[in-house]
2 protein chains.
Amino acid sequence: MTEHQIGRRERKKAQTRKALSDSAVRLFIERGYDQVSLKDVAEAADVAVSTVFKHFPAGKEALIFDEDADREAALVAAVRERDAGQSILDALRDYLIAQGVERTAHPDFAPFLALVESTPALSDYARRMWRRHEASLAAAIAEETGASADDIASRALAHYAIEALFLVRGDGSSVEAQINTVFDLLRRGWGDLGK
Amino acid sequence: MTEHQIGRRERKKAQTRKALSDSAVRLFIERGYDQVSLKDVAEAADVAVSTVFKHFPAGKEALIFDEDADREAALVAAVRERDAGQSILDALRDYLIAQGVERTAHPDFAPFLALVESTPALSDYARRMWRRHEASLAAAIAEETGASADDIASRALAHYAIEALFLVRGDGSSVEAQINTVFDLLRRGWGDLGK
DNA sequence: CCGCAAAATGCAACCGTTACACATACGGGA
DNA sequence: TCCCGTATGTGTAACGGTTGCATTTTGCGG
């Protein structure tokens with residue numbers, strides 16, 4: 001059996017991938033997303049354009065969203081492995097607040113967030129990334145509450161909870177306060193769910 | 001003063017536009033959205049590819065969404081000119097139910113709806129069309145309730161109400177019943193709004 | 001050292017989109 | 001009626017994103 005010792009090979013692969021992602025983020029922030037071509041990114045990372053698609057088959061937008069891997073697992077886990085006595089809704093709220101705060105905490109992320117929010121192609125892509133996991137979350141909620149798999153209340157909660165992340169705006173109160181406000185409203189409707 | 005008598009000119013323009021839209025719908029349903037190129041549509045309508053962009057600068061997806069014109073006005077009007085004594089939320093619900101039922105009523109629309117729902121590019125586009133009016137709706141709600149223009153509860157309601165349209169699924173109960181279920185949940189949180 | 005497979009390359013082609021210069025046909029005023 | 005301005009349509013060239021493929025390079029294991 002082949003032990004997965006990481007050799008020069010996989011190291012270089014990860015290295016190339018990181019060079020591409022870093023170059024893309026830097027160039028996008030510098031010149032703006034639409035003003036940077038894949039050729040530019042490839043040259044900045046000193047690889048061929050074809051290589052970009054080998055590493056990021058999802059396309060140009062995916063270049064700067066590297067951490068999508070286990071979002072779905074974490075999302076479902078937040079519901080399934082919530083503290084005893086905590087409602088599904090509160091577990092989701094805490095998870096989403098943690099997600100939202102995590103970004104605004106590191107001040108290095110500010111230009112990155114500004115880039116994503118000011119580029120429709122990127123914010124739409126981010127939305128799609130989250131929505132891809134919506135069905136799994138809805139299924140988890142439905143199962144936890146004993147509802148049928150396509151229960152519309154479960155699907156609505158899954159959708160509305162995730163979309164809460166995109167409702168927060170920089171102006172006004174903090175991320176945590178805004179998410180709390182939304183979930184306070186949601187709780188009145190869905191409060192019964194999950195104990 | 002030039003009375004806007006419709007002459008041969010505008011008639012031919014509308015004719016070309018309709019030929020394009022009809023050809024697109026037919027071809028997309030026949031072969032699938034991704035298997036039809038703009039060249040195919042242009043040839044089916046017997047025009048040049050350039051002409052397609054003269055009529056539909058928004059691009060390929062817009063070819064089959066011709067009725068976007070006054071959606072925003074209708075949406076805002078549903079809130080602003082609601083019956084006395086009716087809450088904002090109920091007015092929105094009634095409007096959205098009417099929208100949802102209108103489509104499923106005509107059985108001719110069935111393949112069209114199936115096309116949109118089975119093509120990510122199209123359902124995303126439909127979503128974006130609605131979301132484009134979300135800010136106006138949120139502003140109207142905020143003004144009606146006396147909240148500040150960027151009130152997050154108003155923005156959340158505007159967003160969640162519109163998204164209710166995309167939560168309904170063909171299986172299970174009727175469109176009306178599903179939207180009612182969602183709005184019954186929302187009403188517990190936002191019921192105070194708008195009297 | 002050799003050969004296999006992964007990684008990277010270069011190339012060609014397609015599609016959606018934009019820009020532009022050109023043709024055509026309609027409409028309104030002289 | 002004629003003519004001119006202009007809305008509409010055409011053709012072409014170019015660009016960027018994307019895919020496929022044939023080829024070369026490179027690390028890995030025997």
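Throughout, protein chains are lettered first and strands after them, A, B, ... in sequence-line order, and every chain is numbered starting at 1.
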Item to complete: Decide, yes or no, whether a salt bridge links A:R155 with A:D150 under the criterion of side-chain N to carboxylate O below 4.0 Å.
Response: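 No salt bridge links A:R155 with A:D150.
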
Fill in: Salt-bridge present (B:R80, B:E144; N to O < 4.0 Å)
yes

Discussion item. For a quick test of reading the model: is some side-chain N or O of B:T16 closer than 4.0 Å to OP1 or OP2 of D:dT8?
Written reply: no

Worksheet item: Any cation-pi pair here, B:R17 with B:F56, using under 6.0 Å and within 45°?
Response: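 So B:R17 does make the cation-pi contact.
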
Fill in: Six-ring centre of A:Y33, A:K60 cation under 6.0 angstrom, axis tolerance 45°
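The answer is yes; both the distance and angle limits are met.
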
Using whole Å, report how far [atom1] of [X] lies from [atom2] of [N].
X     : N      : atom1 : atom2 : result
B:K13 : D:dT6  : NZ    : P     : 16 Å
A:H55 : D:dT18 : NE2   : C1'   : 17 Å
A:Q35 : D:dC15 : CD    : P     : 16 Å
A:L20 : D:dG17 : CG    : C1'   : 15 Å

Fill in: Set of residues satisfying side-chain hydrogen bond (donor to acceptor under 3.5 Å, both in side chains) with respect to A:Q15, sequence neighbours excluded
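Once residues adjacent in sequence are excluded, A:Q15 has no partner under the side-chain hydrogen bond (donor to acceptor under 3.5 Å, both in side chains) criterion.
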
Worksheet entry | Contacting residues from residues 119-127 of chain A, given that a heavy atom lies under 4.0 angstrom of DNA chain C | none

Discussion item. Counting primed atoms plus P, OP1 and OP2 as sugar-phosphate and everything else as base, spell out the protein contacts along nucleotides 16-27 of chain C at 4.0 Å heavy-atom distance: B, S or - for each nucleotide, 5' to 3'.
Written reply: SBB------BBS

Fill in: Toward the 5' end of DNA chain C, by each residue's nearest nucleotide, B:D40 or A:D46
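Its nucleotide being nearer the 5' end, the pick is A:D46.
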
Practice prompt. Mind checking salt bridge (charged side-chain N to carboxylate O under 4.0 Å, His left out) for B:E163 and listing every partner two or more places apart, or none if nothing turns up?
Written response: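 B:E163: salt bridge (charged side-chain N to carboxylate O under 4.0 Å, His left out) contacts with B:R127, B:R131.
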
Item to complete: Check salt bridge (charged side-chain N to carboxylate O under 4.0 Å, His left out) between A:K18 and all other residues, then give those that pass, not counting sequence neighbours.
Response: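 Listed in chain order: A:D22.
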
What side-chain donor-acceptor pairs closer than 3.5 Å can you find for residues 88-97 of chain B, not counting sequence neighbours?
residue	atom	partner	partner atom	Å
B:D90	OD1	B:R187	NE	3.2
B:D90	OD1	B:R187	NH2	2.7
B:D90	OD2	B:S87	OG	3.2
B:D94	OD2	B:Q86	NE2	2.8
B:Y95	OH	B:Q99	NE2	3.3

